[in-house]
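Structure first, commentary second.
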Amino acid sequence: MKVSQLFGRTSKTEGSDYKSASHRLLTQAGYIRESTAGRYFFLPLGERVQNNIITVVRKHMESIGAQEVLLPTLHPLDLWRETNRTTTTGFELMKITDRRGGEFALGGTAEEMAVDVVRKFNVSYKDLPFSIYQFSMKFRDEMRARGGLLRVREFIMKDAYSFGTEEQFKATYQAYWDAYKAIFEELGMKVDVVAADNGYIGGEYCHEFVAESEEGESRYFIDEKSGYAAHEDVAKFKVDDKNVTEELKELQEVDAERGTTMEDGVKLHNLPLWQQTKDVLFFDEATKRYILALIRGDFDVNETKLMQAAGAWDLRPATAEEIRDDLGSEPGFISPVGFPKKGAASGHTVVLVGDSSLRTVRNMYGGNNKLNKDLLNINIDRDYKLDIEADIALAQPGFISPDGGVLVEKRGIEVGNIFQLGFHYSNLMHDAEYTNDKGTREKYYMGCYGIGIGRTLAAIVEAHHDDRGIIWPESIAPYKVYLAHLGEDETVMQTAHQLYEDLTRAGVAVLYDDRTDTRAGEKFADADLLGLPYRVVVSAKTLANQQVEVKKRTESDIQLTDQKSVIKMVAGS
RNA sequence: CGGGGUGUGGCGCAGUUGGUAGCGCGCAGCGUUCGGGACGCUGAGGUCGGAGGUUCAAGUCCUCUCACCCCGACCA
């Protein structure tokens with residue numbers, strides 16, 4: 001490709017609106033251009049990179065036997081109703097109606113569609129396990145797009161769906177895990193594999209592939225020693241025992257003229273924070289229940305864990321009015337002891353969910369559901385009973401991991417994930433069944449596996465750039481070589497042209513800067529900005545010794561060599 | 001959805017107390033230059049986000065509206 005003919009151009013000036021390096025560099029170098037918020041034009045250079053990433057991903061998908069398909073973009077809304085996901089998805093579903101009034105969702109993920117196509121066939125156990133996957137545009141009506149390609153409303157995703165038996169699943173999951181590791185390694189990325197929350201996808205466990213970056217929105221914890229890695233939503237930690245040997249003392253109400261914070265309680269009673277009860281009241285709009293979360297005073301409630309434990313979907317904090325008028329308690333003085341089982345006015349049930357850490361403390365203190373009254377010596381099981389006991393604690397940096405090391409907080413870009421779906425979809429959708437060896441029908445055990453192509457592209461730039469521009473890994477660079485001639489000397493131009501043709505013939509993708517009206521400085525600046533792995537320069541200066549110069553984008557030293565060697569150097573690597 | 005901000009040639013911006021739109025980059029042409037974003041001259045390109053209003057006169061004032069950015073809420 002000749003620069004003189006390339007659509008899209010580099011720009012010297014940059015805006016001030018760019019928050020992330022990838023957004024600025026990709027725009028400035030002419031890889032992408034913004035359309036509206038969260039929607040981007042991929043210009044020829046950007047599309048080449050995207051396609052190169054797709055090629056790498058496809059190679060590894062094929063290597064584990066997944067088969068590429070293409071599912072419709074418009075999903076019949078009835079399918080989403082079948083799994084109840086018209087209301088439970090985390091992203092806002094975009095809907096469309098056709099001229100007959102048929103309702104469709106613009107695909108944001110395609111579990112239902114994958115199941116739907118599979119159940120159109122009479123599959124035998126002999127066909128299992130198998131996977132289908134696709135590269136397709138996904139639509140998500142994100143509340144807020146940001147960071148260029150990092151969070152968008154339309155993007156190409158590789159999504160794969162596996163079908164098999166429960167026994168087969170582990171191996172399938174592992175195969176994807178390994179394939180993903182190989183993919184990101186080939187793309188020149190360092191990723192952490194992090195245990196995460198399934199959210200609206202369903203299923204019991206999943207892992208995110210996260211590229212560590214300041215720009216990332218995923219916060220997670222790592223135990224560097226053992227390799228334990230978990231998203232903050234699900235991170236576990238070791239809870240230390242406190243005064244577990246202390247005698248149980250008698251429950252006692254005391255006057256407590258204090259403020260409503262934990263701090264106020266500590267001051268008033270002159271007792272440690274960990275001995276205080278922390279009572280947080282939520283209301284789940286999805287199931288119309290109050291959820292009272294109870295935890296040791298020095299910990300915080302992890303809402304994701306809480307939702308999992310309580311089977312809730314749509315939590316919000318309870319209002320002061322609800323606490324007082326419906327439940328007869330008092331904000332800041334909530335206590336599990338004698339807390340009502342349902343709202344007096346509303347009739348909504350109350351679910352009492354307690355963290356396991358409550359078992360590490362005795363004789364706790366806290367409110368008594370009345371203004372300025374506290375209880376001393378509250379003890380679990382004796383004074384109150386939990387409806388659900390679970391781990392609902394939020395991990396913090398410095399906590400001890402389940403493996404004994406220290407949890408370190410990290411931030412990253414989630415570029416891929418693998419989900420165990422289990423029977424989630426085959427339970428919700430009819431006929432999601434194959435015929436087993438006894439001739440009877442059995443439900444599929446499923447998994448799904450995604451990689452955001454555009455986000456991966458951006459994450460690569462985040463990790464590979466300097467103050468002059470992008471530094472592409474060779475595996476996905478839009479072109480391998482940036483070839484330029486300096487000046488308009490006849491011989492120089494001819495030599496450069498010849499080199500362009502020779503390299504191209506040798507199978508090397510070359511971007512040839514054939515511009516005659518452009519000075520050296522501009523060509524060098526563009527070469528750095530575009531970030532191709534090799535820069536080859538032909539000029540009168542080099543040609544005086546029958547040489548051309550070669551420079552790697554990753555290195556600062558320049559090599560002089562003859563034309564034939566250039567082809568070998570560049571094509572060989 | 002709440003708070004803050006911005007919309008003026010392709011990009012970055014200026015435009016005062018209202019008086020009929022400008023600068024830099026880029027683009028096109030000519031010339032001089034030519035190894036880290038040169039210079040001179042000439043030229044093309046804007047219904048000032050949109051609608052309504054006030055006024056003799058609106059980029060500027062008022063009302064409404066849309067889009068975009070940042071923070072938060074939320075979240076593959």
Side-chain angles (χ1 to χ4, degrees), chain A residues 7-20 23-24 27-28 30 33-39 88-93 107-111 138-159 196-201 206 208-210 216-219 231-233 303-304 307 313-317 413-419 448-456 468-469 484-489 492 513 515-529 535 537-544 548-549 551 556 558 560:
Chain A
F7 174 63
R9 62 178 67 249
T10 58
S11 145
K12 192 165 65 171
T13 50
E14 56 183 80
S16 49
D17 269 352
Y18 302 116
K19 191 93 187 358
S20 69
H23 189 194
R24 178 176 65 79
T27 305
Q28 209 182 329
R33 190 66 179 261
E34 191 170 43
S35 167
T36 57
R39 300 176 211 281
T88 59
T89 49
F91 56 89
E92 198 66 28
L93 207 55
T109 173
E111 286 76 15
K138 295 292 182 291
F139 299 85
R140 298 188 178 182
D141 199 359
E142 296 285 345
M143 292 193 179
R144 197 176 139 207
R146 74 183 90 188
L149 297 182
L150 288 173
R151 184 169 211 88
V152 294
R153 298 198 166 99
E154 253 186 70
F155 61 98
I156 292 182
M157 175 159 108
K158 188 283 302 177
D159 47 326
D197 178 56
N198 295 45
Y200 59 84
I201 299 271
C206 72
E208 291 179 357
F209 287 70
V210 184
E217 297 181 85
S218 283
R219 215 190 291 270
H231 198 276
E232 68 171 344
D233 290 343
E303 290 190 30
T304 305
M307 287 197 282
W313 271 112
D314 191 8
L315 282 190
R316 62 163 173 81
I413 302 162
E414 182 193 347
V415 286
N417 53 24
I418 54 180
F419 286 89
C448 74
Y449 318 86
I451 292 179
I453 303 299
R455 184 181 279 186
T456 298
R468 290 185 161 167
H485 70 252
L486 302 186
E488 291 176 60
D489 179 273
V492 168
D513 194 343
R515 292 175 294 181
T516 52
D517 54 353
T518 308
R519 293 154 60 91
E522 189 169 346
K523 291 190 174 186
F524 289 137
D526 276 351
D528 291 337
L529 182 59
R535 187 186 80 191
V537 173
V538 182
S539 73
K541 203 169 95 184
T542 63
L543 229 44
V548 298
E549 74 177 47
K551 180 187 165 298
S556 54
I558 293 169
L560 288 164

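Below, chains carry the letters A, B, ... as their sequence lines are ordered, and counting in each starts from 1.
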**OP:** Please determine, for B:A44, whether a Watson-Crick or G-U wobble partner exists with both distances under 3.5 Å, and give it or none.
**Re:** none
**OP:** Look at all strands and tell whether A:R33 reaches a base, only sugar-phosphate, or nothing, counting heavy atoms closer than 4.0 Å.
**Re:** sugar-phosphate
Original post:
Does some side-chain heavy atom of A:R219 sit less than 4.5 Å from a side-chain heavy atom of A:H231?
Top reply: no
Original post:
With a 4.5 Å limit on heavy-atom distance, are the side chains of A:R535 and A:I558 in contact?
Top reply: yes
For nucleotides 1-5 of chain B, which of its nitrogen or oxygen atoms have a protein nitrogen or oxygen under 3.5 Å away, and what is each distance?
none

Original post:
Say you pick atom P in B:A38 and the same atom in B:C1; how far apart are they, in whole Å?
Top reply: 48 Å
Original post:
Is the shortest distance from a Lys or Arg side-chain nitrogen in A:K138 or A:E154 to a carboxylate oxygen in the other one below 4.0 Å?
Top reply: no
Original post:
Does B:G72 have a Watson-Crick or wobble partner in any strand here, with both distances under 3.5 angstrom, and which is it?
Top reply: B:C1
**OP:** Please determine, by modelled atom types, if A:E111 and A:T109 share a side-chain donor-acceptor pair under 3.5 angstrom.
**Re:** yes
Subject >> Span that lies between the P atom of B:G52 and that of B:A28, in whole angstrom >> reply: 38 Å
Original post:
Does the A:E208 side chain pair with the main chain of A:E414, one donor and one acceptor, at a distance under 3.5 Å?
Top reply: no
Original post:
Are A:K19 and B:C71 close enough that a side-chain N or O sits under 4.0 Å from OP1 or OP2?
Top reply: yes
**OP:** Run the salt-bridge test on A:E217 and A:R146 with the 4.0 Å N-O cut-off and return the result as yes or no.
**Re:** yes
**OP:** Have a look at A:G450 and say if it touches a base, only the backbone sugar-phosphate, or nothing, with a 4.0 Å heavy-atom cut-off.
**Re:** nothing
Original post:
Please give, in whole Å, the distance from B:C25 C1' to A:L529 CG?
Top reply: 15 Å
Original post:
Just checking A:T542: base, sugar-phosphate only, or nothing, at a heavy-atom cut-off of under 4.0 Å?
Top reply: base
Original post:
More 5' along RNA chain B: A:K551 or A:G452, using each one's nearest nucleotide?
Top reply: A:K551
**OP:** Looking at every strand, decide which applies to A:T36 at a 4.0 Å heavy-atom threshold: base, sugar-phosphate, or nothing.
**Re:** sugar-phosphate
Original post:
If only atom types and distance count, is the side chain of A:T542 paired as donor or acceptor with the main-chain N or O of A:V538 below 3.5 Å?
Top reply: no
Subject >> Gap between atoms CD and P, on A:E414 and B:C75 respectively (whole Å) >> reply: 13 Å
**OP:** Looking at every strand, decide which applies to A:E34 at a 4.0 Å heavy-atom threshold: base, sugar-phosphate, or nothing.
**Re:** sugar-phosphate
**OP:** Can you tell me, in whole Å, how much space there is between the P of B:U65 and that of B:C75?
**Re:** 29 Å
Original post:
With a 4.0 Å cut-off on heavy atoms, is A:Q28 in touch with a base, just the backbone sugar-phosphate, or nothing at all?
Top reply: nothing
**OP:** Provide the distance between the two C1' atoms, one in B:G53 and one in B:A58, to the nearest whole Å.
**Re:** 11 Å
**OP:** If B:C23 has a Watson-Crick or G-U wobble mate with both distances under 3.5 Å, name it; if not, just say none.
**Re:** B:G12
Subject >> Residue closer to the 5' end of RNA chain B, A:R153 versus A:R515 (nearest nucleotide) >> reply: A:R515
**OP:** May I ask you to decide if A:E142's main-chain N or O and A:R153's side chain share a donor-acceptor pair within less than 3.5 Å?
**Re:** yes
Subject >> B:A44 versus B:G10 - spacing of their C1' atoms, nearest Å >> reply: 13 Å
**OP:** Kindly point out which of B:C68, B:C75, B:G36 is positioned nearest to the side chain of A:D528?
**Re:** B:G36
Original post:
What distance, rounded to whole Å, do you find between the two C1' atoms, one in B:G22 and one in B:C48?
Top reply: 12 Å
Could you run down the sub-3.5 Å N/O contacts of the protein with nucleotides 27-33 of chain B?
| residue | atom | partner | partner atom | Å |
| --- | --- | --- | --- | --- |
| B:U33 | O2 | A:R519 | NH1 | 2.7 |

Subject >> Under 3.5 Å donor-acceptor, A:K523 side chain and A:V537 backbone >> reply: no
Subject >> A:R515/A:D513 ion pair, N-O < 4.0 Å >> reply: yes
Original post:
Would you say the side chain of A:Y18 lies within less than 4.5 Å of the side chain of A:T27, judging by non-hydrogen atoms?
Top reply: yes
Original post:
Can you tell if the side chain of A:T10 reaches within under 4.5 Å of the side chain of A:Q28, non-hydrogen atoms only?
Top reply: no
Original post:
Starting at CZ of A:R140 and ending at P of B:C74, how long is that distance when rounded to a whole Å?
Top reply: 19 Å
Subject >> Whole-Å distance separating the CD atom of A:E303 from the C1' atom of B:A73 >> reply: 11 Å
Original post:
What is the distance, rounded to the nearest whole Å, between atom CZ of A:R151 and atom C1' of B:C71?
Top reply: 16 Å
**OP:** Whole angstrom is fine here: how far is it from CD in A:E232 over to P in B:C75?
**Re:** 12 Å
**OP:** Find the partner of B:G59: check Watson-Crick (N1-N3 plus N6-O4 or O6-N4) and G-U wobble (N1-O2, O6-N3) distances, both under 3.5 Å, and reply none if neither fits.
**Re:** none
Subject >> A:R316 side chain near B:A73 phosphate (N/O to OP1/OP2, under 4.0 Å) >> reply: no
**OP:** Can you tell me the pairing partner of B:G7 across any strand shown, Watson-Crick or G-U wobble, with both distances under 3.5 angstrom?
**Re:** B:C66
Original post:
Going by heavy atoms in the side chains, are A:I413 and A:S218 under 4.5 Å from each other?
Top reply: no
**OP:** Determine the contact category for A:A37: base if any of its heavy atoms lies under 4.0 Å from a base atom, sugar-phosphate if only primed atoms, P, OP1 or OP2 are that close, otherwise nothing.
**Re:** sugar-phosphate
Subject >> C1' atoms of B:A14 and B:C23, separation to the nearest Å >> reply: 7 Å
Original post:
Rounding to a whole Å, what distance do you find between A:F524:CZ and B:A38:C1'?
Top reply: 15 Å
Subject >> Between B:G12 and B:U54 - P atom distance, rounded Å >> reply: 35 Å
**OP:** Let me know the distance between CD of A:E217 and P of B:C74, rounded to the nearest Å.
**Re:** 13 Å
**OP:** Kindly indicate whether the side chain of A:R24 and the base of B:G12 share any N or O donor-acceptor pair separated by less than 3.5 Å?
**Re:** no
Original post:
Paired with B:C34: which nucleotide, if any, by Watson-Crick or G-U wobble criteria at under 3.5 Å for both distances?
Top reply: none
